[in-house]
> 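Before I ask anything, here is the structure I am working with.
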Amino acid sequence: MLSKPMQEALNNQVKLEAASSYAYLAMASWSDIQPGLNNVSEYFFKQSDEERIHMLKLMRFINERGGFAMVPTLGQPIVTFKGIKSMFEEFLKHEIAVSDSINDLVSLALQEKDYATHNFLQWYVSEQIEEEKNARVLNDKLEMIGEDKSGLYLFDRDIMMTRQKR
Ligand code: FEO
């Protein structure tokens, strides 16, 4: 059975994963209308789906453990970007915030001596290592490319490969 603080913290994480899904959906849509960013758009549509899966996994766990997973209210995410670089910076910022939040949940689970939740959260810990790394690699690539149009062409062409390696 989940403690009240644990349940509340997990529901906050549900909200954060839902907000991530929304934020990446907005990135997908923005990229979709930019010239030459078709694969970047596809990348964020997939990323958005993945965040929804993260949310669902948490919701099922909360209910399974005697809590109540609440569908959260969401605000509108950032829907337009100055450019591809600022969008990817936002992506990395977001993933870092998610990692911090997962770490806080792990600490709380230990504090509450809730080892079932602690065990459950390990999947998210590994997932965040991967997600943060991917966002960093993509930001590094964009930094290297700068304003080079052919570099950007290759960035878009190859971006889905960074997902397949996962
Ligand atoms: Fe589920 Fe990318 O955080």
Side-chain angles (χ1 to χ4, degrees), residues 1-32 38-81 86-140 158-166:
M1 184 87 183
L2 291 173
S3 70
K4 241 192 141 57
M6 197 72 245
Q7 188 184 164
E8 244 179 63
L10 287 169
N11 266 313
N12 284 338
Q13 189 66 30
V14 166
K15 184 169 181 159
L16 187 52
E17 301 291 349
S20 306
S21 179
Y22 244 41
Y24 300 155
L25 192 58
M27 291 178 186
S29 180
W30 182 81
S31 314
D32 207 15
N38 321 47
N39 292 312
V40 167
S41 171
E42 202 50 42
Y43 180 89
F44 281 109
F45 274 120
K46 289 233 155 48
Q47 196 65 35
S48 172
D49 286 347
E50 209 164 278
E51 299 301 349
R52 182 180 142 79
I53 291 168
H54 296 174
M55 175 193 73
L56 292 178
K57 203 174 158 81
L58 275 157
M59 290 182 80
R60 286 182 187 277
F61 178 78
I62 295 168
N63 287 343
E64 201 178 278
R65 299 276 301 147
F68 175 44
M70 279 179 289
V71 173
T73 311
L74 295 177
Q76 187 179 38
I78 303 173
V79 292
T80 54
F81 301 90
S86 73
M87 182 176 73
F88 274 87
E89 277 164 12
E90 207 50 55
F91 175 37
L92 177 59
K93 223 164 76 186
H94 202 94
E95 284 304 322
I96 291 171
V98 173
S99 297
D100 289 348
S101 173
I102 294 291
N103 286 343
D104 289 346
L105 276 174
V106 171
S107 302
L108 182 67
L110 282 179
Q111 201 182 305
E112 299 275 321
K113 295 192 170 36
D114 183 345
Y115 300 114
T117 300
H118 184 268
N119 184 51
F120 168 77
L121 288 171
Q122 296 315 302
W123 183 85
Y124 286 85
V125 172
S126 317
E127 187 70 11
Q128 277 317 116
I129 294 171
E130 204 52 36
E131 299 231 311
E132 228 187 280
K133 187 196 82 188
N134 285 340
R136 266 182 223 287
V137 166
L138 292 171
N139 272 276
D140 289 348
D158 295 344
I159 191 167
M160 292 309 274
M161 276 176 357
T162 61
R163 283 189 62 87
Q164 279 153 15
K165 270 192 231 123
R166 302 170 62 184

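Source: prediction; values computed, not measured. Residues take their numbers from the sequence shown, with the count starting at 1. Reckoned from all heavy atoms, side chains included, excluding hydrogens, waters and symmetry mates.
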> For residues 5-15, pull every pair meeting salt bridge (Lys or Arg N to Asp or Glu O under 4.0 Å), keeping only residues two or more places apart or in separate chains.
none
> For M87 and S31, run side chain to side chain contact (heavy atoms under 4.5 Å, CB included): C-alpha distance rounded to whole Å, both residues' side-chain angles, the deciding distance at 0.1 Å, then the answer.
CA-CA 9 Å; M87 182 176 73; S31 314; 3.4 Å; yes
> With sequence neighbours left out, write down each residue that passes side-chain hydrogen bond (donor to acceptor under 3.5 Å, both in side chains) with S41, or none if nothing qualifies.
none
> If I compare all heavy atoms of Y124 with all of I102, which pair ends up nearest, and what's the gap?
CB-CD1, 3.6 Å
> Given side chains that start at C-beta, do those of L16 and M55 come closer than 4.5 Å, heavy atoms only?
no
> Evaluate the criterion side chain to side chain contact (heavy atoms under 4.5 Å, CB included) for residue pair E51 and E131; output intermediate values, then yes/no.
CA-CA 11 Å; E51 299 301 349; E131 299 231 311; 3.0 Å; yes
> Looking at every non-hydrogen atom in both residues, tell me the closest pair between L105 and A9 and how far apart they are.
CD2-CB, 3.5 Å
> List for me each residue that meets side-chain hydrogen bond (donor to acceptor under 3.5 Å, both in side chains) alongside D114, sequence neighbours excluded, and say none if there are none.
T117
> Would you give the length of the straight line joining atom CG of L138 to atom OH of Y43, rounded to the nearest 0.5 angstrom?
5.0 Å
> Would you name the heavy atoms of A26 and P77 that are closest together and state the gap between them?
CB-CG, 3.9 Å
> If I take atom CE from residue M59 and atom CD1 from residue I62, how far apart are they, to the nearest 0.5 angstrom?
7.0 Å
> Tell me, do N11 and P72 make a side-chain contact under 4.5 Å, heavy atoms counted?
no
> Can you tell me how far CD1 of I78 sits from CD of E90, rounded to the nearest 0.5 angstrom?
3.5 Å
> When the aromatic ring centroids of F91 and F81 are compared, is their separation below 6.0 Å?
no
> Could you give the distance from CZ (R52) to OG (S21), rounded to the nearest 0.5 Å?
7.5 Å
> Between F88 and V40, does the side chain to side chain contact (heavy atoms under 4.5 Å, CB included) criterion hold? Intermediate values first, please.
CA-CA 10 Å; F88 274 87; V40 167; 3.9 Å; yes
> Atom CG in L110, atom NE2 in H118: separation rounded to 0.5 Å?
4.0 Å
> Looking at I159, is its backbone amide N or carbonyl O close enough to the side chain of T162 to form a donor-acceptor pair, meaning the two atoms are under 3.5 Å apart?
yes
> Taking all atoms of both residues into account, what is the closest heavy-atom pair of P5 and L108, and its distance?
O-CD2, 3.8 Å
> Would you indicate whether R65, at its atom CZ, is surrounded by more than 12 heavy atoms from other residues, nucleotides or ligands within a distance under 6.0 Å?
yes
> Restricting to non-hydrogen atoms, name the atom on M70 and the atom on V14 that form the minimum distance, rounded to 0.1 Å.
O-CG1, 4.0 Å
> Who passes side-chain hydrogen bond (donor to acceptor under 3.5 Å, both in side chains) against Q128, sequence neighbours left out?
E95, S99
> Going by the rule ring-ring contact (aromatic ring centres under 6.0 Å, His included), which residues pair with F61 if we only count those two or more places apart in sequence or in a different chain?
F120
> Report the residues that fulfil ring-ring contact (aromatic ring centres under 6.0 Å, His included) with H94, sequence neighbours left out, ordered by chain and then residue number.
Y24
> Backbone N or O of S126 within a donor-acceptor pair of the E130 side chain at under 3.5 Å?
no
> Looking at K46 and E50, does any basic side-chain N land under 4.0 Å from a carboxylate oxygen?
no
> Under 3.5 Å, side chain of N139 to main-chain N/O of A135, donor-acceptor pair present?
yes
> So, do D158 and M161 sit near enough that their side-chain heavy atoms are less than 4.5 Å apart?
yes
> Quick check: are there more than 12 heavy atoms from other residues, nucleotides or ligands sitting under 6.0 Å from OH of Y22?
no
> Could you tell me the separation between the CZ atom of F44 and the OG atom of S29, rounded to the nearest 0.5 Å?
12.5 Å
> Restricting to non-hydrogen atoms, name the atom on N63 and the atom on F68 that form the minimum distance, rounded to 0.1 Å.
OD1-CA, 3.4 Å
> Run the side chain to side chain contact (heavy atoms under 4.5 Å, CB included) test on W123 and H54 for me, step by step, so that the C-alpha distance in whole Å, both residues' side-chain angles and the decisive distance to 0.1 Å come before the verdict.
CA-CA 10 Å; W123 183 85; H54 296 174; 3.5 Å; yes
